[in-house]
Amino acid sequence: MNKKIPVGILGATGMVGQQYVHLLEDHPWFEVAYVAASPQSAGHTYKDALKNGWQVHGDIPKNVGSMVVEDVASIEKAVKKCTLVFSAFEMPDKDAIRTYEEEYAKAGMPVFSNASAHRHTNDVPMLIPEINAHHLAIIPAQQKKRGWKKGFIVVKPNCSLQSYLAPIVALQHGGYEISDVLVTTLQAVSGAGYPGVASLDVIDNVIPFIPGEEEKTEVEPIKILGHIKGGTFANFKGINISAQCMRVPVSDGHMACVSVKFRRQRPTIEQVRSTWINFKSEPQELKLPFAPEQPIIYRDEPNRPQPKRDRDNGKGMAVTVGRLRPCSVFDYKFVALSHNTVRGAAGGGILNAELAYKKGYLQNV
Ligand code: NAP
């Protein structure tokens, strides 16, 4: 690649947007050329627009710190400065987010979104590249149906399911079909954006309710595991998932305590472990820059994974699993962990764009 692709970040001042700015510094294919946020931030330099300060590692990259933030609504300015956008802006009205993302796509921009607005739009792929890279194949049908020439929308799923779905799918791919899943997630406060949950609510506490999270955790996997039929997605019907989602006093890293039941053949513990350790998929084969070399890492110690010690594995892109043991109700239980603002948000969005680039979907933008 001679010249990097100029990219924009919508919602660049937020928790996820800042993670995008940080992770894209020195990216081999993409460079940040445009930042946008709410009308209140528009017109300020990026550095000055961060009303709650810089929340991620290191310093604000110099070239981005001095950029003038635009209003997400100024699509015509984005078109002049970048060729694709990462969408991580939040608005109370989901319809407004949906409409803006469609306007960007209509203006010729591929949109890689973290928002939930388009997750269940039936021609929009909801991607975890290690699991359903083939879902990108719906893009020509999406463009044709909507009359978009170059733009399209790809979304990533909720951060709550990033930890437990990959280990389950690895087993499915290994020939061990899973019929039932019970999952309890222990989710970090950064998952609620900044400032997120009030400290007096979450310190010394566990909050057993995150609005909408259990529904997303149960429903999104069935689209991800589904297939393309006649230009839309048909959901996968062969798995039952029951989820409980808790907010816990951890800064970053969503954990999931999982019990699984196999439909037919029950593998041995050693077979499960080796299936996970040997799991590789398209992002690894294509050597995408953000693909972790080992997407699922297994820790043998009885007290791992832990958010503090394991969330940064594979530069925050790997899922760390441990505590695999028999379950007295289902077949096996285990604990899984992933970094919610990296794999579960900005890193996942970047991997989606890398996959689209490598598979030729960004060639004419
Ligand atoms: P956040 O920290 O609250 O940031 C929200 C962003 O949206 C800010 O840049 C804000 O700009 C912008 N914004 C607010 N009102 C706007 C408006 N009227 N028009 C345009 N932009 C507006 O939220 P976040 O945690 O980064 O989450 C962003 C998105 O990613 C959400 O859809 C969320 O569900 C999703 N997500 C988050 C996580 C996570 O772990 N946090 C994980 C997966 C997905 P100002 O600074 O100018 O107000």
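Order of appearance sets the numbers: ligands from 1, and atoms from 1 within every ligand.
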- Tell me, which protein residue and heavy-atom name are nearest atom 44 (C) of ligand 1, and how many Å apart are they? Asn114 O, 3.6 Å
- Does Arg263 come within less than 4.0 Å of Glu177, counting only side-chain N to carboxylate O? yes
- Task: Could you find the nearest protein heavy atom to atom 25 (O) of ligand 1 and give me its residue, atom name and distance?
- Result: Gly193 CA, 3.1 Å
- Query: Hey, what's the ring geometry for Tyr357 with Phe30, parallel, tilted or perpendicular (30° and 60° as the breaks)?
  - Reply: perpendicular
- Item | Results of ring-ring contact (aromatic ring centres under 6.0 Å, His included) for Tyr34 - residues two or more places apart only | none
- Looking only at heavy atoms, which two atoms of Gln244 and Glu214 are closest? And how far apart? CA-OE2, 3.3 Å
- Residue selection (non-hydrogen contact nearest atom 15 (N) of ligand 1) among Met91, Gln18, Glu90: Glu90
- Query: Which is it for Lys51 and ligand 1 at heavy atoms under 4.0 Å: side chain, backbone, both or neither?
  - Reply: side chain
- Query: Are any of the N or O atoms of Ser41 closer than 3.5 Å to those of ligand 1?
  - Reply: yes
- Quick one: closest heavy-atom pair of Asn114 and Ala346, and the distance? ND2-N, 3.9 Å
- Item | Atoms in ligand 1 with a heavy atom of Gly344 nearer than 4.0 Å | 42 (C), 43 (C)
- In this structure, atom 28 (C) of ligand 1 is nearest to the protein heavy atom Ala88 O, 3.2 Å
- atom 2 (O) of ligand 1 sits nearest the protein heavy atom Met15 N, 2.9 Å
- Message: Parallel, tilted or perpendicular: which one describes the rings of His57 and His22, with boundaries at 30° and 60°?
- Response: tilted
- Query: Do His27 and Phe290 make the cut of ring centroids closer than 6.0 angstrom?
  - Reply: yes
- Task: Would you mind finding which of Gly212, Gly14, Gly349, Ser190 brings a heavy atom closest to atom 41 (N) of ligand 1?
- Result: Ser190
- List every atom of ligand 1 that sits less than 4.0 Å from any heavy atom of Thr341, numbering the atoms from 1 in the order shown and giving each element. 40 (O)
- Query: Going by atom types only, do Asn158 and Glu213 share a side-chain donor-acceptor pair under 3.5 Å?
  - Reply: yes
- Item | Contact with ligand 1 for Ser116, non-hydrogen, under 4.0 angstrom | no
- If you measure from each non-hydrogen atom of Val72 to ligand 1, which part falls under 4.0 Å: side chain, backbone, both or neither? side chain
- Item | Closest approach of Ser163 to Ala336 (non-hydrogen atoms, all atoms of both residues) | O-CB, 3.4 Å
- Note on the structure: ligand 1 to Tyr194, heavy atom cutoff 4.0 Å, flagged ligand atoms 2 (O)
- What about Val16: any of its N or O atoms under 3.5 Å from an N or O on ligand 1? yes
- Message: With heavy-atom distances below 4.0 Å as the criterion, list the atoms of ligand 1 near Ala115.
- Response: 32 (O)
- Query: Is the Trp276 ring parallel, tilted or perpendicular to the Tyr298 ring (thresholds 30°, 60°)?
  - Reply: parallel
- Query: Yes or no on salt bridge (Lys or Arg N to Asp or Glu O under 4.0 Å) for Arg311 and Asp252, after CA distance, side-chain angles and deciding distance?
  - Reply: CA-CA 7 Å; Arg311 63 190 165 212; Asp252 290 314; 5.1 Å; no
- With respect to atom 9 (O) of ligand 1, which of Thr13, Val69, Leu50, Asn158 exhibits the smallest heavy-atom separation? Thr13
- Distance filter under 4.0 Å to Ala345 heavy atoms, resulting ligand 1 atoms: 42 (C), 43 (C)
- Any N or O of Gly11 that comes nearer than 3.5 Å to an N or O of ligand 1? yes
- Message: Using 30° and 60° as the class boundaries, would you call the ring planes of Tyr361 and Phe152 parallel, tilted or perpendicular?
- Response: perpendicular
- Query: Counting only heavy atoms, which portion of Phe89 has something under 4.0 Å from ligand 1: side chain, backbone, both, or neither?
  - Reply: both
